[in-house]
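Heads up: the structure comes next, in structure tokens.
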Amino acid sequence: MRYIRAEAVETAASAVAEGALPLAGGTILVPMIARCERQEQTFVDIGRLAELSRIETTNSSLLVGSMVPLDAIARTADAPALRALIQAAKAVGNPQVRRAGTIGGNVAAAVPTTDVYPALIALDAQITSLRGSLSENLPIDQFIPQGRLIVSIEVPNDSEAVSAFRKFAWRASAGITMANVAACLHIRAGKILASRIVVGGVSAHAQRLGQTEKLVTGRPASEWNQRLLQEAGATAAQEAVCDLPSPPSPEYRRRLIDAGVREVLSEILQI
Amino acid sequence: MKAADQLLEITLRINGEERQAKVEPYVTLQACLHHRLRFREVRYGCGEGVCGACMVLVDGQPMSSCLILAVQAEGRSIVTAEGLEPALGDHGLRQQLLSRQAFQCGYCSCGVLVTASHHVASEKNTTPAAVKAALSGNMCRCTGYQQMMEAALAASHQEPAPEIPFPRVDLQKKMSASAGYPTDQKVEAPLVGRILWTEYPSARIRYIDTSAARALPGVEAVFTYQDIPEQNCTGAVAFGHDQPLLAVGHVQTMADAVALVAARTEAAAAEALQLIEVSYELHTPTIDARTAIAPESSENVTAQFVQETGDVEAAFKTADVVVTGSYSNEINDHACMELEGGTAWIQDGILNIAVPHQTSESGQRAVSKMLGIPQDKVRIITHNIGGSFGKYAAFTIEGYLGLLAYLVKKPVRLVLGRDEILQRRSKRHPSYGDYRLALTKDGRMLALDASVLTDAGPYVGLTPAVAAVIGAEASASYEIPNVRMRVRGVLTNNLPTIPMRGYGSQQISFGVESIVEQAAHKLGMAPQELRKRNYKKTREDGWGRPMPGKDLWLTQTMDRVNELLGPPPACPAGWLHGRGVTTIHAKYGYPYGMVDRFVVRVGFNQDGRFRVESDISDSGTAVTNEMARLLATSMGVKDLPEYVQSRAAIDDPSGIAFAEGHCPSWFKSSLYRFTEWVQTTGAKGLLVITARIKYPRNMVRFQRIIVHPANFFIGLAGSLKSWMFPFSRESFQPRFGSSRSLSMCAAAVLDGVERLKKSVLQTASKALGSPTPELQMDSEGVHVANDRNRKLSWAALAQHAGGDITVVGESHNPPGPLLDPANGNQTGAIDFMDGSHGCDLLVRPDTGQVRILKYAAVHDVGHAFNPEALRGQILGGITMGIGQAISESMKIQQGRVLNAGLHDYLVATTLDLPEEVKVEILESGNGMGPYGSKGIGESGAVAAPIAVANALYDALGIQVETIPTTPEKLAAMADRGRTQQSAGAS
């Protein structure tokens with residue numbers, strides 16, 4: 001294994017473009033490194049790059065540097081549009097993992113059970129990354145981490161948006177996700193204009209649930225009741241692809257998606 | 001570039017001082033601090049940021065040092081548990097934790113100190129919920145969080161720490177760098193040892209090619225079974241020598257080791273393992289104990305316990321109500337916070353092995369037999385253990401370490417990874433039972449018929465002892481006139497087994513309490529009422545005979561639990577409420593058919609310092625500290641005596657060196673060995689034979705022919721040995737451990753105190769010229785009763801005696817026949833722990849999630865020596881038991897464990913605790929220990945899973961048949977419960 005400490009974002013980006021893996025909070029990579037599982041790999045430590053650790057709030061968005069720890073995101077001032085991200089950050093690991101783990105690391109690692117990534121998709125986040133010296137700006141679900149250094153993630157903070165996140169884990173603290181659900185609804189004058197509903201932890205990739213979104217969008221917020229919530233939950237459970245081979249069973253994961261969708265919608269629509 | 005090529009120099013500011021280190025880039029900050037820079041308080045538990053044992057402050061923030069590479073920490077400010085008070089100010093937390101005795105094994109304590117100190121320093125007047133959240137990344141396996149949370153809360157509110165009569169010296173050490181755990185690196189720059197495990201649970205080995213691994217630079221040695229000088233054996237050898245240290249020709253379980261590697265670096269060792277080529281011919285593994293045996297055959301049966309009292313069939317015919325059920329326990333891992341491992345090195349011709357071990361002499365003997373060297377050339381060093389719970393009752397990795405260090409002739413450190421411990425090491429005995437209970441319609445129990453299979457794995461291990469406990473505790477807390485019990489230990493290709501907290505008791509108590517619970521539901525009777533109608537009233541001895549005048553307090557424990565639980569809580573929408581209670585009557589004194597004896601040396605030296613010596617190590621039960629405390633209080637001295645783990649007691653099991661201070665002659669030690677051999681071989685042979693006898697027709701006839709004379713001769717050998725060697729360690733393995741530790745140790749100390757007082761008075765009488773009746777003892781020494789000026793201090797007394805004054809004290813469980821002549825069973829337990837538990841919980845029927853609201857536990861402990869430590873034992877048992885009811889499931893496919901770490905093996909954290917826990921201690925004085933005391937250590941863990949399971953039954957209307965259960969199973973049960981209800985309604 002080879003270790004490089006990056007002193008500038010540019011050098012880090014070029015090392016990553018040449019095949020080095022960025023070493024951020026270390027919560028995923030360090031256990032592997034310590035077990036000598038990555039002996040041929042070069043790692044570039046991006047922990048000293050102050051530019052990547054900034055967190056900025058504007059009227060219309062939250063701009064988070066890739067090295068911002070989840071703990072800092074969990075303590076961000078509450079805003080209805082950002083709630084799913086804040087709740088997802090709070091749901092990760094345990095206190096020390098949240099202090100070490102970063103938002104960029106969570107997106108780059110792309111493990112199926114990540115909590116932050118589905119929330120970012122639901123919030124329609126944009127990701128800025130460097131591919132060598134080339135800067136790229138993409139919607140987060142189109143981003144491919146290989147060869148790229150994540151610089152920042154921009155999360156829209158729309159006054160019409162309300163979001164929520166739920167996680168079902170094997171254990172309350174440091175428990176692996178069995179399923180998670182993130183949703184963000186745009187509501188204007190009692191009308192649901194748009195919705196993004198995402199499930200994670202049930203397949204290799206987080207998925208948007210198109211049919212459920214269709215069901216949700218277009219119905220006046222005031223019409224929502226328990227029966228509609230149940231219909232949305234059942235639709236989501238049916239359309240989600242649950243194909244992770246590890247326990248629990250796909251059937252049970254569907255139950256959790258059902259419960260999760262009901263809960264996030266109930267929170268957003270205050271039913 | 002290879003790992004070995006890059007070595008980086010780093011500077012860290014640790015506890016205010018600049019320190020330099022040279023590290024490979026893959027070395028974590030934890031490893032750098034602990035091994036290179038000797039900050040031993042920074043401990044390793046999981047390697048993935050889950051357990052919190054390695055917490056340090058990095059630039060003021062509590063972080064897992066196992067998640068940071070040392071090179072990443074360059075220039076950072078680090079504060080370890082030792083540097084907290086200078087860095088954060090003294091807010092009294094350390095004293096609070098100490099006086100609340102918040103730890104047992106103490107391995108987690110330094111991590112807890114870091115997290116909790118930071119929380120207390122940054123949150124003035126914190127809340128219970130905030131403390132819980134702050135500590136949710138620190139795992140504790142012994143004491144279960146309650147006391148540490150109380151300590152943090154009290155420190156934050158600046159409350160004074162409670163008074164304790166003597167400081168817990170053991171805890172002070174454990175909360176610092178000087179604890180001395182086995183996995184602490186004992187010598188400079190040891191080689192790295194690794195084990196190559198089998199890839200399959202059942203296979204023939206065609207060949208093993210180690211040439212490529214041996215040729216790898218940095219590799220010192222690669223060994224297979226062919227390199228073992230003498231006996232290729234490991235495991236618990238009490239009942240058989242069937243477990244090989246290194247596999248020969250075939251493998252039978254995923255726990256089988258194939259080869260050993262010693263290398264100069266971690267990286268080289270890891271690569272060497274990859275380069276060893278093993279060719280396997282696969283067999284189909286036997287993975288289900290239930291299909292591994294035919295109904296009346298003895299094939300694959302390694303232990304058997306059968307018993308019938310009364311006329312069971314007749315009782316079932318006359319019964320008003322009969323309930324049947326099948327209940328099983330899946331496997332659990334001990335999940336000790338410290339990893340399994342240690343260091344071995346040769347010094348002055350002696351092979352030293354520092355490993356966790358509850359019975360170090362058995363380890364010493366195993367290594368000497370394996371290497372073919374005398375026992376006094378092997379030394380097992382084991383002081384503090386970072387958790388055991390029975391895991392180290394018989395063996396650990398001393399064989400692998402011993403072989404490596406002995407053959408390579410260099411120090412070797414071998415510590416298993418958490419994945420290896422979970423996937424390759426022995427587990428609690430999984431058990432499957434079929435139960436039938438007959439009752440009258442007013443709830444009187446008439447008969448119990450039970451048949452239990454317990455999965456031993458491929459080796460006998462201690463399965464006969466566990467089967468015997470399961471069998472002997474079948475009637476549990478109840479007066480049942482007719483009982484038929486059959487327990488069989490079954491050989492499979494699953495992981496081997498070793499006792500675990502509440503071994504045998506947990507399995508049988510879950511079965512019996514579940515069938516009783518089902519009966520209560522069927523009779524429409526309150527579960528506590530049915531139990532109370534049938535409780536045993538008086539104590540019984542080891543053979544089931546009532547002991548008059550010794551009333552049990554089972555009813556009192558149950559009544560108090562119900563009072564503590566109070567009215568049922570409100571149930572929020574979308575959840576179901578359930579309440580469950582249980583009573584346990586679980587063994588703690590267990591003679592294994594022989595005299596269980598404990599010896600201790602007490603006395604004082606020329607400086608007037610008292611000390612207590614024995615061979616036992618500290619696995620967190622507070623027993624070493626309690627022995628010292630008991631000596632101090634019984635002698636009336638002010639300072640806490642020192643506890644010394646005596647080598648004489650370990651190195652010489654005949655007890656001669658311990659009692660008389662000189663080594664036994666060749667003749668005497670050989671004589672000792674011979675009688676011991678007669679005892680153990682006879683016992684082993686008998687148990688193996690009785691396990692194989694066909695059930696049931698030939699049972700009784702054969703038993704009588706074999707068991708009667710064998711009992712006589714084994715008993716005779718035992719009596720002879722006791723007469724010749726009164727201070728020997730006489731017992732069948734495992735001779736020590738379980739919940740009887742304190743009752744045995746305390747009795748031995750008190751016996752020693754009696755002798756010490758006699759000896760002191762004799763010396764004083766000679767020196768002062770007064771007859772002993774005129775002398776009096778006080779905290780300073782001895783004086784003449786009517787003349788306080790004629791006195792001798794402890795120091796002066798020791799000088800008069802020509803050095804130290806020391807005596808040996810002993811205690812023993814009563815002897816009895818090894819096997820019952822009527823049925824060939826091992827004789828049962830001789831005393832029991834009594835208690836009732838109850839809880840209120842909520843379960844969500846759609847997701848199966850569980851929230852435990854309130855928990856109450858009431859134990860009759862006979863007599864409480866240290867109520868706060870005792871409370872910690874019960875709380876720890878409850879926490880572990882809750883985990884074993886609802887989260888600690890092993891994911892197993894075809895004999896392979898998938899759980900690879902503590903992120904995946906779900907030990908309960910602070911967030912899994914009940915919202916409120918109440919523990920009460922009753923002191924009936926009816927135990928067999930000193931002052932009528934009883935054991936306690938395991939009973940909390942026996943009761944808790946049952947209380948939770950019964951509450952789930954109450955909530956869902958469907959009974960939990962297997963523990964641990966999972967949210968997925970509970971959700972499916974909720975569906976069945978609903979279907980049943982609607983079917984009942986229509």
Side-chain angles (χ1 to χ4, degrees), chain A residues 1-5 23-40 42-43 45-48 69 71 90 93-101 113 166 168-176 178-179 233 245-249 251-253 255-256 258-260 262-263, chain B residues 1-3 5-6 8 24-28 30-31 47-52 55 61-64 66-69 71-72 74 115 133-138 265-267 269-271 417 419 844 846-849 887 891 898 901-904 906-912 966-968 971-972:
Chain A
M1 163 204 176
R2 206 167 101 85
Y3 170 85
I4 311 164
R5 185 179 302 124
L23 184 57
T27 57
I28 296 163
L29 289 181
V30 169
M32 292 183 196
I33 295 171
R35 287 196 298 264
C36 297
E37 284 173 12
R38 297 291 185 94
Q39 296 198 40
E40 305 303 323
T42 300
F43 292 90
D45 179 359
I46 54 169
R48 313 270 159 156
D71 179 52
K90 278 184 188 165
N94 59 21
Q96 62 263 32
V97 166
R98 292 193 287 275
R99 278 183 212 110
T113 52
R166 277 294 178 283
F168 298 97
W170 282 101
R171 176 174 53 196
S173 174
I176 297 175
M178 298 190 281
S246 55
S249 70
E251 295 72 36
Y252 178 67
R253 289 190 202 260
R255 289 179 82 119
L256 297 179
D258 182 346
R262 279 185 281 125
E263 279 183 43
Chain B
M1 189 190 270
K2 282 275 168 190
D5 297 339
Q6 207 182 5
L8 300 158
E24 295 85 357
Y26 59 80
V27 171
T28 63
Q30 186 278 332
E48 48 189 6
V50 174
C51 79
M55 297 293 282
Q61 288 291 309
M63 306 291 275
S64 287
C66 72
L67 290 183
I68 305 169
L69 296 178
V71 287
Q72 284 180 288
E74 159 69 26
T115 312
L135 282 171
S136 63
N138 287 83
T265 63
E266 297 272 354
E271 203 173 337
D419 52 341
R844 249 183 86 166
D846 55 345
T847 62
Q849 288 166 299
S887 66
K891 298 167 192 156
L898 305 180
L902 289 181
H903 66 278
D904 202 12
L906 305 173
V907 170
T909 72
T910 54
L911 299 185
D912 303 302
T966 59
E968 179 173 2

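A, B, ... follow the sequence lines: proteins, then strands. Residue 1 opens every chain. All heavy atoms count here, side chains included; hydrogens, waters and symmetry mates do not.
- Looking at B:Thr28, only its side chain comes within 4.5 Å of chain A, counting heavy atoms on both sides.
- In terms of modelled atom types and a separation under 3.5 Å, the side chain of A:Arg171 and the main chain of B:Asp904 share no donor-acceptor contact.
- Distance alone, capped at 3.5 Å, places no donor-acceptor pair between the A:Ser173 side chain and the B:Leu911 backbone.
- Per-residue counts of heavy-atom pairs under 4.5 Å with chain B were compared for A:Met178, A:Glu37, A:Arg262, A:Arg48; the largest is that of A:Arg48.
- Using a 4.0 Å cut-off between charged nitrogen and carboxylate oxygen, B:Asp419 and A:Arg35 do not count as a salt-bridge pair.
- Between A:Arg99 and B:Pro62, the shortest heavy-atom distance links the atoms NH1-O, 2.6 Å.
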Next item on the list: Show your reasoning for whether side-chain contact (heavy atoms from CB on, under 4.5 Å) applies to B:Leu69 and A:Met1.
Entry: CA-CA 12 Å; B:Leu69 296 178; A:Met1 163 204 176; 3.9 Å; yes
Next item on the list: Give the C-alpha distance, both sets of side-chain angles, the deciding distance and a yes or no for side-chain contact (heavy atoms from CB on, under 4.5 Å) between B:Thr909 and A:Asn94.
Entry: CA-CA 10 Å; B:Thr909 72; A:Asn94 59 21; over 6 Å; no
Next item on the list: Give the intermediate values and the outcome of side-chain contact (heavy atoms from CB on, under 4.5 Å) for residues B:Gln72 and A:Tyr3.
Entry: CA-CA 9 Å; B:Gln72 284 180 288; A:Tyr3 170 85; 4.2 Å; yes
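- Heavy-atom distances place the backbone of B:Ile68, and not its side chain, under 4.5 Å from chain A.
- Heavy atoms only, all atoms of each residue included: B:His903 and A:Ile176 are closest at CD2-CD1, 3.2 Å.
- Heavy atoms closer than 4.5 Å to chain A are found in both the backbone and the side chain of B:Val907.
- The minimum heavy-atom distance between B:Cys66 and A:Val30, with the atom names listed, is O-CG1, 3.3 Å.
- A donor-acceptor pair is defined here as one N or O able to donate and one able to accept, closer than 3.5 Å; no such pair exists between the side chain of B:Tyr26 and the backbone of A:Arg2.
- For B:Ala270, the part sitting under 4.5 Å from any heavy atom of chain A is the side chain, from C-beta outward, and nothing else.
- At least one side-chain heavy atom of A:Val97 sits under 4.5 Å from a side-chain heavy atom of B:Leu67.
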Next item on the list: Carefully, step by step, assess A:Phe168 and B:Gln849 under the rule side-chain contact (heavy atoms from CB on, under 4.5 Å).
Entry: CA-CA 9 Å; A:Phe168 298 97; B:Gln849 288 166 299; 3.6 Å; yes
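- Only the side chain of B:Asp912 comes within less than 4.5 Å of a heavy atom in chain A; its backbone stays farther off.
- Listed for the B:Glu968 side chain is a donor-acceptor partner under 3.5 Å among the backbone atoms of A:Ser249.
- Chain A forms the most heavy-atom pairs under 4.5 Å with one residue out of B:Ala971, B:Ala908, B:Ser887, and that residue is B:Ala971.
- Scanning all heavy atoms of the two residues, the minimum distance from B:Arg844 to A:Ala259 falls at NH2-CB, 3.4 Å.
- With hydrogens and angles disregarded, a donor-acceptor distance shorter than 3.5 Å links the side chain of A:Arg5 to the backbone of B:Val71.
- In this structure, the portion of A:Ala24 lying under 4.5 Å from any heavy atom of chain B is its backbone and not its side chain.
- A:Lys90 NZ: 12 or fewer foreign heavy atoms inside a 6.0 Å radius.
- Contacts between B:Ala134 and chain A at a heavy-atom distance below 4.5 Å involve the backbone alone (N, CA, C, O).
- Your options are A:Gly260, A:Pro247, A:Gly47, and the one with the most heavy-atom pairs under 4.5 Å with chain B is A:Pro247.
- Contacts between B:Ala133 and chain A at a heavy-atom distance below 4.5 Å involve the backbone alone (N, CA, C, O).
- For the pair A:Gln96 (side chain) and B:Gly137 (backbone), a donor-acceptor distance under 3.5 Å is present.
- The part of B:Leu902 that comes within reach of chain A is its backbone (N, CA, C, O), which places non-hydrogen atoms under 4.5 angstrom from that chain.
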